[in-house]
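Following: one structure in structure tokens, then a few remarks.
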Amino acid sequence: MGLEDKKDIFSFIMINLVLTSIVSGSTDTITSSIPLKDGDTIISSRGLFELGFFSPGNSKNRYIGIWYKSIPAKTVVWVANRETPVIDNSGMLKITNPGVLTITNDKNTIIWSSNSSKAAPNPIAQLLDSGNLVVRDKNDNIDFVWQSFDYPGDTLLPGMKMGKDLVTGRESYITSWKNDDDPSTGEYTFGCDVTGYPHQVIKKGQVLQYRGEPWNGIDFGGISVLPQNAIYKFDMAFNEHEVLYTYTMFNSSMISRLTMNHSGVAQRWVWADQVKDWIVYFSIPAADGCDLVCGAYGTCAVNSFPKCGCVDKFVPKYQNEWNGANWSKGCVRKRALNCKTDGFVKHANIKLPDLQYTMLYKNVTLAQCEKLCLKNCSCVAYANILKTGGTGCMLWMGDLVDIQEGPSYSSVLYIRMASSDLGLFTKMCKHEGFD
């Protein structure tokens with residue numbers, strides 16, 4: 001056998017080895033010369049995530065998705081073509097110059113593509129062990145042309161971010177599927193609202209369903225459904241350029257995800273390897289039905305009946321409706337404020353009210369915060385928003401809405417009251433300079 005014949009055989013073997021590795025899913029990249037066909041997959045380098053075509057639930061439609069490789073029940077964490085499925089097995093995922101991902105059908109029609117303002121001379125698509133699908137130049141491991149983490153579906157993975165880029169105005173949040181058979185955009189979103197101060201919200205369309213407490217420097221404080229957290233930590237970029245929330249795992253070997261389901265419930269899941277199943281770590285809104293039900297100056301207590309009451313020294317605005325369990329109109333003061341002679345009553349173990357009409361002062365002590373509120377006749381309450389006890393003051397300028405109380409809440413709120421509603425001891429303490 002001649003040298004040229006040996007070279008041809010060697011080349012044939014190498015080509016087949018490459019093709020076999022691609023078909024078997026042993027590669028983590030897609031190149032411009034070899035697209036990903038339906039039936040093939042790529043797997044991240046440590047075998048944590050897998051990407052390929054799949055059909056959700058009872059559907060026969062085909063979607064490009066990413067799921068956990070090591071978990072027996074296929075758990076999809078991201079879908080590319082949510083709104084435009086391939087109706088048969090002819091789909092193909094390609095990477096084209098200058099770095100655009102496309103999904104095509106049997107007619108070679110592009111039904112989905114990535115978008116990017118950057119270009120890569122020698123583009124590849126790579127599935128990382130974080131679950132992030134990235135497009136980059138094959139000679140550049142750092143600068144991504146495009147990444148799936150910028151376009152969350154119904155799942156937030158560790159390292160993903162949600163919030164708002166204040167420079168471009170771009171928002172990131174997770175969105176429910178329509179149902180178990182259809183991953184297209186559903187009714188519910190879970191994200192980070194930057195109105196007033198960063199806080200988590202669930203919306204059905206544009207209608208608010210749940211509102212968390214503001215970021216307190218460590219986490220989103222006062223969420224009564226959160227157990228003592230020992231598995232992950234929060235992080236928040238909060239500056240003039242961006243307001244972005246993310247989380248990371250204390251133990252990188254632990255698998256956890258945050259999802260928004262089509263019933264309007266956000267859930268934190270943890271994989272329990274002992275029982276080979278997902279365990280719900282927490283759900284919001286909680287099943288207690290306390291969110292957004294009691295109206296202005298109404299307070300919701302989980303273990304009380306009826307669940308809605310009025311803030312001390314307030315009475316139901318419409319007593320007959322209140323007696324009939326219609327608490328939406330809320331409560332009103334027994335005595336009007338005077339502005340010049342008002343004081344404050346301390347309320348502990350409170351979920352801080354809605355942040356829509358608030359003013360933030362970042363470098364103000366609690367005592368200074370009280371003075372700022374007293375000087376402004378529109379200010380009805382104040383609080384220190386930082387869990388660490390540092391300086392940070394929030395003033396409420398409108399009716400207090402969505403107050404909840406209970407031992408699992410850690411915030412303290414100071415509500416403005418007419419002097420005639422303040423007890424003698426309270427007035428003496430204020431006169432002597434005590435809290």
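Predicted, not measured: the structure shown is a model, and the values here were computed from it. Below, all heavy atoms of this structure are taken into account, side chains as well, without hydrogens, waters or symmetry copies.
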What verdict does the side-chain contact (heavy atoms from CB on, under 4.5 Å) test give for L400 and F314, after you've listed the backbone C-alpha separation in whole Å, the side-chain angles of each residue and the deciding distance to 0.1 Å? CA-CA 12 Å; L400 304 181; F314 286 72; over 6 Å; no
Determine, step by step, whether D181 and S59 satisfy the side-chain hydrogen bond (donor to acceptor under 3.5 Å, both in side chains) criterion, reporting the C-alpha distance in whole Å, the side-chain angles of both residues, the deciding distance to 0.1 Å, and the verdict. CA-CA 5 Å; D181 304 325; S59 173; over 6 Å; no
Check against side-chain contact (heavy atoms from CB on, under 4.5 Å), L128 and F144: CA-CA 12 Å; L128 306 182; F144 300 150; 4.1 Å; yes
Between R211 and V401, does the side-chain contact (heavy atoms from CB on, under 4.5 Å) criterion hold? Intermediate values first, please. CA-CA 11 Å; R211 179 196 62 83; V401 179; over 6 Å; no
Go through it in stages, so that I can follow the logic: the residues are L166 and V243, the test is side-chain contact (heavy atoms from CB on, under 4.5 Å), and I'd like the CA-CA distance, side-chain angles, deciding distance and then a yes or no. CA-CA 7 Å; L166 301 178; V243 181; 4.0 Å; yes
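From I66, atom CD1 reaches atom CG of L48 across 12.5 Å, with rounding to the nearest 0.5 Å. Once rounded to the nearest 0.5 Å, the distance linking CG of N363 with OH of Y361 reads 12.5 Å. Taking CD1 of I111 as the reference point, atom OG1 of T102 lies at 9.5 Å (rounded to 0.5 Å). To the nearest 0.5 Å, atom CG of residue N384 and atom CG of residue L366 are 6.0 Å apart. Between M162 atom CE and T189 atom OG1 the span is 10.0 Å, to the nearest 0.5 Å. Atom OG1 of T246 sits about 10.0 Å away from atom CE of M236, to the nearest 0.5 Å.
When side chains are defined from C-beta on, D180 counts as touching H262, because their heavy atoms get closer than 4.5 Å. With a 4.5 Å cut-off on side-chain heavy atoms, V145 and P123 do not count as touching. Residues W269 and I255 fail the side-chain proximity criterion, which asks for heavy atoms closer than 4.5 Å. Here the side chains of K233 and F250 are in contact, with some heavy-atom distance below 4.5 Å. Side-chain atoms of Y245 and L156, non-hydrogen and from C-beta on, do get closer than 4.5 Å to each other. Residues L133 and L101 form a side-chain contact, since some pair of their non-hydrogen atoms from C-beta on lies under 4.5 Å apart. At a threshold of 4.5 Å between non-hydrogen side-chain atoms, the residues C290 and K351 do not count as touching. Using a 4.5 Å heavy-atom threshold, the side chains of L355 and W396 count as touching.
For Q368 (side chain) and T365 (main-chain N/O), a donor-acceptor pair under 3.5 Å exists by modelled atom type. Side chain of S263 to main chain of V265: no donor-acceptor pair is present (N/O by atom type, distance under 3.5 Å, no hydrogens or angles). Checked by atom type and distance alone, the side chain of S55 pairs as donor or acceptor with a backbone atom of N61 at under 3.5 Å. Checked by atom type and distance alone, the side chain of S176 pairs as donor or acceptor with a backbone atom of Y188 at under 3.5 Å. For N81 (side chain) and Y63 (main-chain N/O), no donor-acceptor pair under 3.5 Å exists by modelled atom type. Checked by atom type and distance alone, the side chain of D165 never pairs as donor or acceptor with a backbone atom of E242 at under 3.5 Å. E213 contributes a side-chain N or O that, together with a main-chain N or O of L352, makes up a donor-acceptor pair within less than 3.5 Å. Formation of a donor-acceptor pair under 3.5 Å by the R416 side chain with backbone atoms of C379 is found in this model. A donor-acceptor pair under 3.5 Å is absent between the side-chain atoms of N105 and the main chain of S90, judged by distance alone. Judged by distance alone, the side chain of Q200 and the main-chain N or O of F190 form no donor-acceptor pair under 3.5 Å.
With T75 as the partner, the side-chain hydrogen bond (donor to acceptor under 3.5 Å, both in side chains) test is satisfied by one option alone out of W67, Y68, W278: W278. Test F54, Y151, W112 against V79 for side-chain contact (heavy atoms from CB on, under 4.5 Å) and you get one pass: F54. Partner of V86 under the side-chain contact (heavy atoms from CB on, under 4.5 Å) criterion, chosen from D106, T104, I103, I64: I103.
In this model, no donor atom of one side chain and acceptor atom of the other lie less than 3.5 Å apart for D150 and S172. Side-chain contact annotation: D28 with Q126, donor-acceptor N/O pair under 3.5 Å present.
Ring-plane geometry between F282 and Y232 is classed as tilted, the angle between the planes lying from 30 to 60 degrees on a 0 to 90 degree scale.
Pairing each heavy atom of P316 with each of V332, the nearest pair is O-CG2, 4.5 Å. When all heavy atoms are compared, the tightest approach of P158 to M249 is CG-CG, 3.8 Å. Taking each heavy atom of P285 and D291 in turn, the nearest pair found is CB-OD2, 3.3 Å. Contact detail for G131 and L157: the closest heavy-atom pair is CA-CD1, 4.3 Å. C373 and Y382 get closest at one heavy-atom pair: CB-CD2, 4.2 Å. Nearest heavy atoms, N115 versus W146: O-CD1, 3.1 Å.
Under a cut-off of 6.0 angstrom, the local environment of CG in N139 is crowded, with over 12 non-hydrogen atoms contributed by other residues, nucleotides or ligands. Counting non-hydrogen atoms of other residues, nucleotides and ligands closer than 6.0 Å to NZ of K307 gives a total above 12. The environment of CD1 in I87 is sparse: at most 12 heavy-atom neighbours from other residues, nucleotides or ligands sit within 6.0 Å. More than 12 heavy atoms of other residues, nucleotides or ligands lie within 6.0 Å of CZ in R170, so this atom counts as buried by the packing criterion. Residue-environment remark: NZ (K74) exceeds the threshold of 12 foreign heavy atoms within 6.0 Å.
Under the ring pair (Phe, Tyr, Trp, His ring centres under 6.0 Å) criterion, Y318 pairs with no residue, sequence neighbours left out. Residues satisfying the ring pair (Phe, Tyr, Trp, His ring centres under 6.0 Å) test with F53, not counting sequence neighbours, are none.
A cation-pi arrangement is not found for K203 relative to Y173, the charged atom failing to lie both closer than 6.0 Å to the ring centre and inside a 45° cone about the ring normal.
Between C308 and C300, the sulfur-to-sulfur (SG-SG) separation does not fall under 2.5 Å.
Salt-bridge check for R82 with D154: failed, with every basic side-chain N at 4.0 Å or more from each acidic carboxylate O.
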